[in-house]
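I have placed the structure first, in the form of structure tokens, so that the comments after it can refer back to it.
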Amino acid sequence: MKKSLILAIAAALFSLTVQYIRAEEININTLIPVKIYITTHDDVYKFNALGVGIEELKDGYIEARVTREKIDELISSGWKVEGRTIEKVDPKIATQYHNYTQMTSFLDSIHSLYPAITKKVSIGKSVQNRDLWAFLVTDNPDSNENEAEVRLAANIHGDETVGRELCLAMIDSLTKVYGSIITIKDLVDSREIWFMPSLNPDGYELNQRYNANSMDLNRNFPVPDGSIGEDDTYNNEVETQRMIDFWSGKRGVLSLNYHGGALVANYPWDYTVVRCPDDALAKEVSLGYSRLNPPMYASTVFDSGVTNGWDWYYVYGSLQDWSYHVTSCLDITMEIGTKWPPASQLPSYWSDNREGMLYFIRQAGWGLQGIVTDSLTGLPINWASVVPFGIDKPVYTDTIGDYHRMLMTGQYDLIYSAIGYHEKWADEVRVRIDSVTNLDMQLAPILITGIVSDSGGGNPIPGALVEIVGLRSDTTDSGGTYQLRWNQDDYYSLKASAAGYTTVIYDSLKFENDSTINFSLSTDSGVAGRPGVNVFITRLEQPYPNPGRSGIHIRYQLAASGPAVLDIYDITGRRVKSLPQGTVPAGAVRTFTWDGSDRFGKKVSAGVYFCRLTALGIERSVRFIMLK
Ligand SMILES: [Zn+2]
């Protein structure tokens, strides 16, 4: 064989190996710690295309780990690259911290002293089989109460250790003074405070940033854009997956995760220049912490000690972005100084951060809250969504129906919805960021009712079985009537049967409104069922094209005849145009084209808009985007 062919085969084999290499086989020793000097801040946005993950952004350079080959490539394209040494921590100092064993027995001892207000949970095991501890401080820790959930986590980077000790110190303080200081008792009783002192216990024991598979866990979470981690090829590490499993089931409001290496409160997003829906709020709670941390607030690098994640440097796969995107829990990356300072400095870190921690715990329970229940049964509705109109970030109710939504002080229109229920708006609700506004909400279930009667004489048939096929059923009363809940977001068949009659089935039904479906059953077994009865629903479809440029088409249908109005709102909730539709007959599918002009005939600016259909006493709304 020719040499070039052999090389080609070798290259092909090599690329296969690289492609299928498993995470645990990556050897960190092949990556060299370097400083890469930058001239302007915009340089930090070039590293993703170069395949370089930023570990830290310093003054005038970034820190990263790259291969020998990558170093050559960077130098030849004009970057100044230098090796750097990784500081080793004096093991004598490290032992003054709580290592894994000490941390575990510390948590055990607190729990045995205060079992009524604490709970220790293992959310799973690390690569090296250490428990990932979550420690809850609240009254009645075994029951889910109407309380905001807040999370203080640390040590996702194994060598950034101060936050871990702050968590333990706060657990110690809260439990110790619970019985004697009334404000602390109130705080603990009215919040569910989750501490996660070490998200990467292996990294701590190994004295390294990474987990035991040499993976950076704060680059390992699903990214809101749909990719996974820094280069879209990472598999979720076990520590990441356990965190996802644990927190996805919660309705967390606010959280922080502690880091070291800088001194700044960093708020979402990390992965994109686009501002997050709660940008003003995210900045405000970051400032709230910073103001209570004098060295952070006095920062000469960051304005008032806070920064938007992307503005500082981009990160793909951070816990912060995942937490906010998937669970609606606003998460702040809290950089609090030196990574692993001597233990003698821990008291001063504690004094700098203690008030900020308490502020976070308090803030999580402020804003709008309430309980969402079923208007017929009074039972709580789980996973009902609450959206402030114009802020594209819902929060969801917990199993006992409670929701908690932090908001900047202001006036909001709120949309409450849940599968199987009529959407409900609460208009012009005044909310403050620094106190609690209570608003309970009852949602009416979507009901299907009707009469089952004899097709011959028209007499009602008592005892007939009416069934949403595969889901639930009701038996008709003496008047032949039935009632069923339609709490499905999908198509189902509705079937009526009675002894001596031919069964009738209506196929492919989906209801977004209360509806009456009558059945007329025949005793004549020669006639097949499935009569041609038209069943209509009120619906507003997603406008198209979306995004729209010169205009959009809006299609809708009404369940019954009546006047309809379409209104267009901008993202701030301001109505830009009203489009009366006149009286629309039942079941007719109408398409209306909006040319993108406001009430003065002027073309609206590019951005997010909402279309609201109002008819028959109900409202439907959909979101779309207009381009320039
Ligand atoms: Zn870190």
Side-chain angles (χ1 to χ4, degrees), residues 28 31 33-35 44 47 52-59 61-65 84 86-89 94 97 126 132 151-167 196-221 223 229-230 234 237 239-240 243 255-271 286 289-290 293 296 299 301-302 305-324 331-341 349 352-353 356:
I28 194 67
L31 295 175
V34 292
K35 294 177 177 179
V44 301
F47 291 108
V52 175
I54 301 173
E55 279 183 15
E56 301 283 342
L57 171 61
K58 302 289 188 182
D59 194 16
Y61 63 91
I62 66 148
E63 292 180 351
R65 283 172 214 231
R84 68 184 158 95
I86 305 284
E87 287 166 42
K88 282 286 167 196
V89 173
Y97 284 80
S126 68
L132 302 164
R151 178 184 86 223
L152 295 96
N155 201 210
I156 194 170
H157 288 145
D159 60 349
E160 298 170 15
T161 59
V162 175
R164 171 171 163 138
E165 297 305 321
L166 295 181
C167 285
M196 305 186 77
S198 182
L199 298 176
N200 179 10
D202 296 351
Y204 182 95
E205 301 298 320
L206 296 165
N207 181 19
Q208 66 181 30
R209 176 185 183 86
Y210 305 94
N211 76 345
N213 286 335
S214 303
M215 296 295 274
D216 188 332
L217 298 178
N218 205 40
R219 306 289 187 276
N220 194 236
F221 282 84
V223 185
E230 199 159 56
Y234 285 10
E237 290 295 306
E239 292 89 351
T240 308
M243 183 64 189
S255 58
L256 60 77
N257 67 92
Y258 279 121
H259 288 255
L263 189 57
V264 64
N266 171 108
Y267 55 89
W269 300 110
D270 280 333
Y271 83 104
S286 301
Y289 190 101
S290 177
N293 183 320
M296 186 185 282
S299 172
V301 185
F302 301 98
V306 305
T307 184
N308 167 276
W310 175 270
D311 284 355
W312 188 18
Y313 65 96
Y314 64 82
V315 169
Y316 297 99
S318 65
L319 167 60
Q320 164 185 293
D321 282 5
W322 173 82
S323 177
Y324 178 63
D331 194 34
I332 309 299
T333 301
M334 209 60 85
E335 301 269 4
I336 50 170
T338 306
K339 290 188 179 192
W340 202 325
Y349 277 93
D352 288 342
N353 289 280

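Order of appearance sets the numbers: ligands from 1, and atoms from 1 within every ligand. One is the number of the first residue; the rest follow in order along the sequence.
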Is the NZ or CZ atom of R164 positioned over Y97's six-membered ring, under 6.0 angstrom from the centre and within 45° of the axis?
-> no

min-distance N/O/S atom, H259 vs the Zn ion (ligand 1), resolves to ND1

Name whichever N, O or S atom of H157 ends up nearest to the Zn ion (ligand 1).
-> ND1

Polar contact flag, side-chain donor to acceptor under 3.5 angstrom, D159-H157 = no

Y61-R84 side chain donor-acceptor pair, cut-off 3.5 Å | no

Does any N, O or S atom in E160 come within less than 2.8 Å of the Zn ion (ligand 1)?
-> yes

Aromatic ring proximity W322/Y271, centre distance under 6.0 Å | no

